[in-house]
Every structure is written in structure tokens, then in C-alpha cells.
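Working notes, structure below.
The chains referred to below are lettered A, B, ... by the order of the sequence lines, with proteins before strands, and numbering in each begins at 1.
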Amino acid sequence: MRRIARLPKLPGLSIPPGTNHLGSEVPKPLVIVESPAKARTISKFLGSGFHVEASIGHVRDLPASADDIPKSHRGKPWARTAVDVQNDFKPLYVLTQRGREQIKKLKTMLRDASVLYLATDEDREGEAIAWHLTEALKPKVPIQRLVFHEITKSAITRSLQSARPIDMNLVEAQEARRIVDRLFGYNVSPVLWKKVKPRLSAGRVQSVAVRLVVERERERMRFVSSGWWDLTAGFKAAEAFAGTLVEVDGTRLATGRDFEPTTGKLKTAKAIVLDEAGAEALATALRGGTAKVLRVQRRPFREKPAAPFTTSKLQQEANRKFRWAAKRTMSVAQRLYENGWITYMRTDSTTLSPEALNAARTLIKSAYGAAFLPAKPRVYATKSKGAQEAHEAIRPAGESFKSVDDCARALGADEARLYGLIWNRTVASQMTDATGERVSVDTEANRQGRTGLFRTRGKTYDFQGFRAVYVRERNVRDEENELPKLADGQVVSVESVHTKGHTTSPPSRLNEASLVQRLEELGIGRPSTYASIIETIQSRGYVFKKGTALIPTFTAFATTRLLEDHFNSLVDYDFTATLESGLDQIAAGTGQRLALLHAFYGGQGDRTGLLQLIAAAEKSADPRDICSIPIGTHDDGAVVARVGRYGPYLEHAGTTRSLPEDMPPDELTLAKAIEIIETVPDGPTALGQDPDNGDEITLHIGRFGPYVQRGEAVGKVKPKRESLLPGMEPDAVGLAMALQLLALPREVGKDADGNVIQAFNGRYGPYIKCNGESRSIPAEKGLLTLTEAEALALLATKPRRSRTPTVLKELGVENDKKIQVKSGRWGPYVTDGETNATLKKGTDPETLTLEEASTLLAAKRAKGPAKKRTRRKSTTKKKTTRRSTKSS
DNA sequence: CAGTGAGCGAGCTTCCGCTTGACTT
């Protein structure tokens with residue numbers, strides 16, 4: 001059943017109103033689009049009879065964090081996910097920060113509007129934005145939905161004739177998508193916090209992206225390299241040409257593809273491998289004789305131009321040709337779009353509007369000639385899964401394409417470069433095929449009982465076609481290679497034979513471009529999100545870049561393991577595709593949102609729901625096991641890489657060694673791991689001898705950072721040790737400084753009663769102590785230079801924190817309890833002596849009323865008593881004793 | 001992979017997809 005929102009009918013408004021005959025303002029239609037740049041363009045087409053304004057994306061969403069949850073819902077069990085799973089998965093929406101500002105503005109404009117046109121994009125998200133706008137604006141004027149797939153005057157004029165109501169089926173599909181993503185992300189992430197590390201994240205898109213990067217690394221780790229040799233021969237007929245050995249004594253010669261990547265062994269019995277000696281023997285046998293051309297094959301070929309740019313293809317090409325990161329490409333494209341040089345840059349469509357086709361064809365004919373213009377415009381089918389095609393392909397804007405030189409003058413070098421790429425790709429996509437001929441020549445050398453078959457490939461173009469404008473980089477390798485004229489049976493001389501060694505290489509790492517390409521092929525992620533997916537997986541510590549290569553961390557290995565073992569159906573490469581087909585049914589009115597959500601969350605038939613998966617993982621996933629990446633066995637003991645609280649480390653038979661954070665996992669071979677295990681950590685650096693007694697002064701790097709030491713431990717008696725002061729670089733510490741440090745505590749002076757004031761370098765930094773009282777030394781004073789006067793001044797100040805937090809304000813008494821605002825470790829909070837409640841961010845403690853305070857306390861009491869800490873004691877202890885060892 | 005001084009309410013983290021922010025030079 002198709003469900004369409006019931007909306008008031010549009011009154012007869014065929015002529016856009018402007019001013020009446022008296023010249024006074026009369027209401028105008030208000031048109032809302034998604035982006036300000038689009039609003040400016042459309043405004044030009046529609047003229048002064050319309051107001052055009054942007055929503056600037058979504059205006060409402062599920063609250064992202066605790067601060068965004070409205071007071072009315074705090075404390076509810078589903079407040080954190082903001083999806084009431086018990087009550088038909090009802091979502092809780094709040095205005096976003098920008099949404100609040102924009103809605104305020106739009107409400108004001110709406111007061112003088114005759115009709116509201118919602119002209120957001122025609123896809124799930126655009127329909128949802130339109131619906132959210134009506135929910136937030138609650139307009140009293142008629143509402144109509146306008147859609148156009150291209151920003152041209154004719155398309156917009158046409159859309160006014162075919163306005164329609166909001167399609168609630170599309171909105172429901174969007175909500176289902178949103179809710180699935182929220183339930184997945186906000187329920188699976190906490191499992192990672194418990195089993196791997198806090199602040200990690202999991203999601204429908206990012207977890208697959210991480211998995212793809214991890215998978216590739218695993219392939220590299222499993223890879224076993226192999227080697228083979230071949231020959232190249234130089235022949236001469238009327239002209240010289242070269243050939244590569246393909247057969248030896250009638251048997252095909254093995255090449256890289258013939259080796260099993262995980263074993264390095266030959267996959268087929270039908271090919272033979274030449275080693276160096278074998279290659280050398282064959283070369284010796286064949287050298288100096290003649291060879292016969294067995295056959296010359298000529299095959300004509302055609303090459304078609306590539307489709308116009310989608311977002312992902314633009315990112316891929318800019319990455320290949322300019323080595324730009326996705327983020328850079330998108331920000332340059334944004335500037336081109338905002339300044340009217342290109343059409344919208346976040347699209348999955350390869351379609352060109354009639355306007356664009358006309359522009360391209362006119363240009364091709366005049367600039368390149370009729371031979372480069374096909375009889376009919378080329379049409380490209382969009383191949384990517386789940387494409388929503390709300391926009392055109394990315395192309396130069398307008399009815400005729402402006403030149404790259406003009407772009408360079410108007411904007412910058414980057415903009416002109418990217419514009420040139422888009423210009424070329426768009427124009428080339430509407431040009432004729434390139435045609436040419438491929439030639440393959442087989443030449444057989446036969447001497448001293450040995451036979452070698454050599455192959456030579458040639459390629460020539462007889463018409464360049466689209467290649468005159470745009471060549472994909474991978475075609476650069478297929479450069480033209482013209483061969484001499486040769487005939488079957490012709491005898492040629494063998495001028496030279498060389499041997500050449502090869503080794504197979506592991507599959508190359510993914511980079512931004514190839515990861516985006518894989519995601520797009522799988523239908524995962526949207527054009528507007530490709531760049532941010534890459535940002536996310538890096539900022540969560542799953543992936544880091546080395547050059548352009550994406551390398552997974554050990555954390556990524558642990559997380560992926562956990563997800564594969566316990567949430568396999570969710571990180572399956574087909575999960576999104578299956579979800580999308582369910583969403584399509586909802587959008588078409590043949591599927592139910594509620595049924596989809598129930599199946600996903602609670603399970604259905606033999607499909608386990610999210611809820612059960614979570615429960616099972618909480619119970620059975622063993623954190624130690626999950627965080628272990630087996631490397632191999634050494635001396636009958638397992639060598640394991642582990643993800644630890646303070647970073648990755650290696651363990652073998654009770655010995656641990658930390659691993660560098662940026663160590664590529666595939667470089668951690670068993671041999672390398674054993675080497676690390678067996679390397680005793682860097683010993684101390686000798687700084688010199690104590691002039692008083694000749695003791696060795698040494699610099700060490702310890703668990704809490706760098707420190708200096710005098711002498712060696714004698715039995716159980718430990719030598720004198722002292723930490724470097726905050727901000728001191730270990731490299732900059734010489735003998736003199738070490739001696740000064742080892743002389744601590746330093747006597748600064750005496751107080752009025754004659755008590756000694758001493759300066760120490762302590763756990764929390766430098767401090768002074770006098771008569772049982774201590775004060776921290778401010779960073780700008782310096783432990784070694786502090787004067788007696790300064791020390792006395794410090795002692796005169798109040799201790800920085802007393803046992804009880806400072807009372808900021810007395811609010812009064814309620815139920816015999818004093819209500820106070822205190823300053824605590826996490827900011828100001830109110831307390832009645834029993835219950836404490838932190839003030840919301842941005843609340844001024846000075847202006848807080850008793851009433852507000854008691855509401856806060858009541859809300860807090862409603863949540864029940866604070867949970868007992870269940871953390872292991874050792875970890876809390878470690879946490880409190882941890883001290884920053886960063887020195888800069 | 002060192003032990004040197006004190007201490008104070010726990011609560012938040014996280015998803016994907018739309019879209020631009022800009023105290024000044």
C-alpha cells in the first residue's frame with residue numbers, strides 16, 4: 001500500500017506573485033533547497049517572484065551525545081540510542097545546532113510566504129529532509145514538493161508544473177536506514193569498549209571499510225613469494241624487434257599468475273618454471289642462431305571513452321593523477337561548485353542533462369571536427385549498487401563549458417587542475433571511439449636441441465577519437481608500439497638473448513582511491529561520505545597512512561576479529577546490499593518498516609537479531625583472546641602480538657616488548673618478532689662520572705618517562721634516581737644537569753619559624769614542602785631557580801585543593817539538606833550532601849537557582865544510585881599513577 | 001622499563017548521511 005502524506009491542495013497559483021498594482025509587498029512562494037550555492041543559482045532562474053533559501057542539509061536528527069538528549073527524556077532506558085525499541089522503534093529527533101538557526105530563519109520567512117516549496121534532492125535523504133522541515137516548521141501555508149535532477153532553467157520551470165506531496169514511503173525508508181545504523185553503531189561500539197579498548201567504534205560502513213583493509217593485510221601476511229626466470233631475445237629482420245620467452249621445448253613458461261599466493265607453489269602442472277641456471281643454459285643454447293616467425297596475428301580493436309565523473313570516480317582519478325586525498329579533492333570541487341564552474345559534486349549518477357550533451361556536442365564539433373562526434377549522444381548506465389541518481393554526473397556547469405584557462409584566472413591552480421580533469425572527462429565521454437590494431441608475433445628459435453618460443457606484442461592506433469582529450473592513466477602503459485612488417489615463415493637472426501629474474505609480489509595495499517572503489521562496488525557508503533569514512537577509520541586508530549597506502553593497526557585486527565567472530569552477519573560484505581533491497585521495498589510501498597526493524601533487532605526465523613548477538617558476544621567473547629594476533633611458534637611457545645591499554649606489544653614465554661604504534665602488521669614476521677623479543681631494551685646512556693666519588697651517572701628511559709641515576713644497585717639497595725623535570729628533553733640532559741637533578745631535594749630556604757623549605761620533583765610535578773605542608777611549583781617558576789621569597793609566597797597561598805571541593809555558591813536549604821554548588825574535578829556540580837549532579841555545559845553556577853538545582857538533583861535521584869565500579873583494582877591504580885611523559 | 005605528595009560525585013565514548021562554518025592576518 002502506497003502511503004502519501006495528506007497535504008493541503010495548492011490553490012490556483014500559476015503566476016508567481018510579486019508586487020500588486022499598488023506596489024505593496026504581497027506574499028511570495030518560499031522555496032527551500034539543501035545547499036546555499038544551489039539556492040543562489042535557482043534564485044537567478046526564478047527571479048524576484050520567489051524567495052529561495054537553504055536548509056543546509058538535515059535540520060533534525062537523533063541526538064548524537066548525552067548533551068543533546070532533551071531533559072524530558074533523560075534517564076529513560078533508551079535515551080542513549082534515542083530509539084524506543086519497545087515502542088515500534090519510535091525515534092527521538094532533536095534539531096541540530098545549525099538546524100536551530102536555520103529553522104528560526106525559515107520560520108520568519110514563512111510568515112510572509114504564500115506557499116512552501118520543498119525542493120530538496122529527490123532521494124531518500126532529500127525526501128526525509130523535506131519531511132523534517134515540515135515537522136519543524138509546522139507551516140500554515142500549502143506545502144508542495146518540487147524535484148529536479150539538474151539545475152537548469154527548463155528543469156526548474158518544469159518542476160513547478162509537476163509539484164507533488166511528500167512521499168511518506170521514501171521518508172519511512174530513510175528512517176529505517178537511520179534507525180538500523182543507530183542501533184548497530186550505538187549497541188556494538190560499547191561491546192568493543194569492554195572487550196578491546198574504550199572509545200572505539202563500529203558501524204555498518206566503517207567496520208566493513210576496516211575489514212577490507214585488514215583482509216588485504218592478512219593476504220599480504222599469508223603471501224609467500226616465489227621466483228622465476230625468463231629470457232628476452234633481440235631479433236633482426238629488415239628492422240630489429242624484441243620478444244619475450246613464453247614456451248620452452250613445447251611447454252608453457254610459468255609467470256607470476258601461475259603461483260599460489262599463499263604457498264608460493266606452482267598452481268598448474270602444465271607450465272614449467274625456469275631457475276637461473278636453467279635460464280642461462282637455454283640462453284646459451286639459443287644464442288647466435290636464427291629463428292623463424294611462426295605466425296603474425298593482427299586484430300583490430302576499439303576503445304570506448306569512460307563515463308562522466310561520479311564522486312567516487314573523481315576521487316579515484318584525482319588520487320591517481322594528482323595523488324590527492326579524497327578530502328582535498330572534495331574541498332576543491334566544493335569551491336568549483338560554489339563558484340558556478342561545475343555541477344553538484346556529490347553524485348552517483350553518470351547521466352548528463354540535455355543541456356550538457358548539447359554543450360559537449362557543439363564543442364566537439366567546432367573544436368575537434370565532425371569525425372570526433374558520434375551520430376547520437378552516448379548514454380552511460382550507472383553501475384554502482386544502490387545508486388539514487390538525484391543529480392547529474394559531475395560536469396562543467398552551464399549551457400556552454402567555460403575554458404580551463406578562465407578557471408585558472410578566476411580561481412586557483414588546484415581548482416583549474418580539477419576543472420580541467422572534469423572538463424576533459426565530460427567532453428571525452430561524448431566523443432567517438434579510438435580504433436587501432438593489435439599485433440602478436442610468435443618467433444621460434446631452435447638450436448642445440450632446445451626450443452624457445454618468443455612473443456612480441458604491438459599496438460597501433462589509426463584513429464585517436466576520445467583519446468585526443470582524455471586518457472585514463474592505466475592506458476598510459478598501453479602506449480603505441482609499432483612492429484616491423486613480418487610474414488609467417490620468415491627467418492630472422494637472433495642478435496641477443498638475455499636472462500631476467502622475477503619475483504612475485506604480494507597484493508598491494510589499499511589506498512584511499514581503491515578503498516572507495518571497493519566500497520562503491522559493494523554499495524556501501526554514499527558519495528557525500530566517502531571522504532569522511534576515511535577520516536573516521538584513521539581517527540579511531542584503525543588505519544594509518546604511509547605515503548598513500550592505508551595500513552591497519554593491531555587494534556583493527558582485534559576489532560575485525562571480534563566482529564567476524566560474533567557479528568559476522570553485520571560485517572558481511574552483502575549486509576548493506578540486503579538492507580538496501582529491504583529499504584527499496586519500503587520506498588516502493590511493498591515493504592513494512594516495522595517488520596524490517598524487528599527482523600534486524602530481534603531476529604526472525606533462522607536469522608539472529610542484533611539483541612541476541614550482543615548478549616552472546618558480551619558473554620562469550622574473551623578479551624585476551626580477541627586482542628591476540630598469533631604470529632607463530634618459537635621454542636615451543638606461542639609468539640603473540642597483543643593490543644594493550646598502552647599500545648601494541650609482543651609476548652612470548654612471559655617476555656613482553658612493546659611494538660611501535662605505526663608498525664605495519666605484515667612486517668611483523670615470526671623472524672622479526674623473535675628478533676624484537678630477543679633484543680634487550682636499550683640500556684642506559686652513560687653521562688659521565690660523579691666528580692665527588694666517581695660513580696657512573698646514567699640516563700634511563702623508564703616506565704614513567706626518562707630519569708637519571710647515580711651508581712648501580714647493590715643487592716637490595718637502590719641507587720639514587722631522579723625524574724627529568726617537565727619539558728626536559730632527554731637528549732639535552734648532560735652531566736651537569738644530571739648532577740643538579742640528583743642533588744634534589746633542593747633546600748630553598750627557611751620560613752619565619754626556621755623550618756626548612758625543600759623543593760622536590762614529584763609524581764605530579766615539582767613542589768615544595770615545608771613543615772608538613774606542600775605546594776606545587778608553577779611551571780613558570782622552575783624547581784631549580786625558585787627563590788626563598790617565591791617559596792614563601794607560595795606557602796602563603798591556599799592549598800590548591802583541600803579535602804572538600806570548593807563551595808562556589810550556597811543555594812539554600814531543602815528538606816533539611818544544604819544545597820550547594822561546588823567546584824569539582826569534572827566542573828561545577830550541585831549537591832545536597834548525598835546526591836551530586838553535574839551542571840549542564842554552559843550553565844553559569846552563579847545564576848543557578850535553587851529550583852533548577854533541585855530539578856537536577858531529582859533527575860539524578862531518579863536514575864538511581866551510582867553503580868559500583870567493577871574495574872579491576874590494578875587498572876584504576878595504574879590510571880591514577882599514570883603521568884604524562886610527553887615533554888613538548 | 002623507577003615509586004616521590006594530596007585529593008575530589010562519575011559519566012561519557014559510539015553510528016550514517018545531509019550540508020557549510022571562518023574572532024584575524
Side-chain angles (χ1 to χ4, degrees), chain A residues 34-38 54-59 61-62 64-67 80-81 96-99 101-102 120-121 123-126 128-129 132 174 177-193 197-207 334 338 346 524-529 532-533 536 540 656-658 680-682 684 700-709 718-719 721-723 744-745 760-765 767-769 773-776 799-806 822-826 829-831 834-838 860 866-867 869 880-881:
Chain A
E34 284 177 41
S35 94
K38 201 167 168 180
S55 73
I56 320 187
H58 271 291
V59 292
D61 192 13
L62 304 173
S65 60
D67 288 347
R80 193 181 54 85
T81 58
T96 61
Q97 177 67 41
R98 202 200 314 278
E101 296 160 23
Q102 224 41 31
T120 49
D121 300 343
D123 54 19
R124 276 203 312 254
E125 296 297 329
I129 292 172
H132 279 302
Q174 191 276 346
R177 196 279 305 157
R178 181 70 188 90
I179 292 168
V180 164
D181 282 335
R182 168 53 67 99
L183 292 174
F184 182 156
Y186 275 38
N187 285 311
V188 178
S189 298
V191 179
L192 298 179
W193 304 340
K197 253 199 297 200
R199 309 183 86 88
L200 292 177
S201 60
R204 175 176 57 84
V205 173
Q206 60 169 285
S207 295
Q334 173 91 24
E338 283 176 3
R346 292 188 273 256
I524 298 172
R526 303 281 313 136
S528 67
T529 62
S532 63
I533 293 165
T536 301
R540 298 276 173 274
T656 58
R657 295 276 184 270
S658 11
V680 178
D682 264 357
H700 303 243
I701 307 294
R703 188 156 143 49
F704 310 116
Y707 65 99
V708 289
Q709 174 175 316
K718 284 185 180 148
R721 289 164 171 161
E722 198 67 45
S723 278
L744 293 175
F760 299 80
N761 186 24
R763 198 169 138 193
Y764 311 105
Y767 68 101
I768 50 169
K769 205 158 103 172
E773 282 210 55
S774 63
R775 299 284 187 283
S776 287
R800 226 166 71 97
R801 282 222 178 85
S802 58
R803 199 177 179 81
T804 47
T806 336
K822 291 185 180 180
S823 166
R825 189 169 160 190
W826 297 288
Y829 67 100
V830 289
T831 179
E834 204 171 295
T835 310
N836 305 302
T838 308
K860 188 67 189 297
K867 275 185 224 152
R869 283 179 81 118
T880 52
T881 53

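- Taking the side-chain contact (heavy atoms from CB on, under 4.5 Å) definition, one finds that Glu722(A) meets it with Val708(A), Lys720(A), Leu741(A), Leu742(A), Leu744(A), Asn761(A), sequence neighbours left out.
- Here the closest heavy-atom approach between residue Thr81(A) and residue Leu62(A) is recorded as O-CD1, 4.4 Å.
- Every side chain to side chain donor-acceptor pair (under 3.5 Å) that Arg178(A) has, sequence neighbours left out, goes to Asp61(A).
- Here His58(A) pairs with nothing under the ring pair (Phe, Tyr, Trp, His ring centres under 6.0 Å) rule; sequence neighbours left out.
- In this structure dG17(B) sits in the anti conformation; its chi angle is more than 90° from 0.
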Protein proximity profile, nucleotides 13-20 of chain B - base contact B, sugar-phosphate-only contact S, no contact -, cut-off 4.0 Å on heavy atoms: BBBBBBBB

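- If you measure from atom OH of Tyr767(A) to atom P of dG7(B), you get 13 Å, rounded to the nearest angstrom.
- Under the rule for a salt bridge (charged side-chain N to carboxylate O under 4.0 Å, His left out), Glu338(A) has no partner lying at least two apart in sequence or in another chain.
- Contacts of Arg80(A) classified as side-chain contact (heavy atoms from CB on, under 4.5 Å), with partners at least two apart in sequence or in another chain: Tyr186(A), Asn187(A), Pro190(A).
- Scored by the side chain to side chain donor-acceptor pair (under 3.5 Å) test, Arg526(A) finds Asp348(A) as partners (sequence neighbours excluded).
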Watson-Crick and G-U pairing of DNA chain B written in dot-bracket, each distance under 3.5 angstrom, with | for inter-strand partners: .........................

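- In this view, Phe760(A) and Pro745(A), Gln758(A), Tyr767(A), Lys769(A) satisfy the side-chain contact (heavy atoms from CB on, under 4.5 Å) rule, not counting sequence neighbours.
- Whole-Å rounding puts the Ile768(A) CD1 to dA6(B) P distance at 15 Å.
- Put simply, CD on Glu722(A) is 8 Å from C1' on dT4(B), counting in whole angstrom units.
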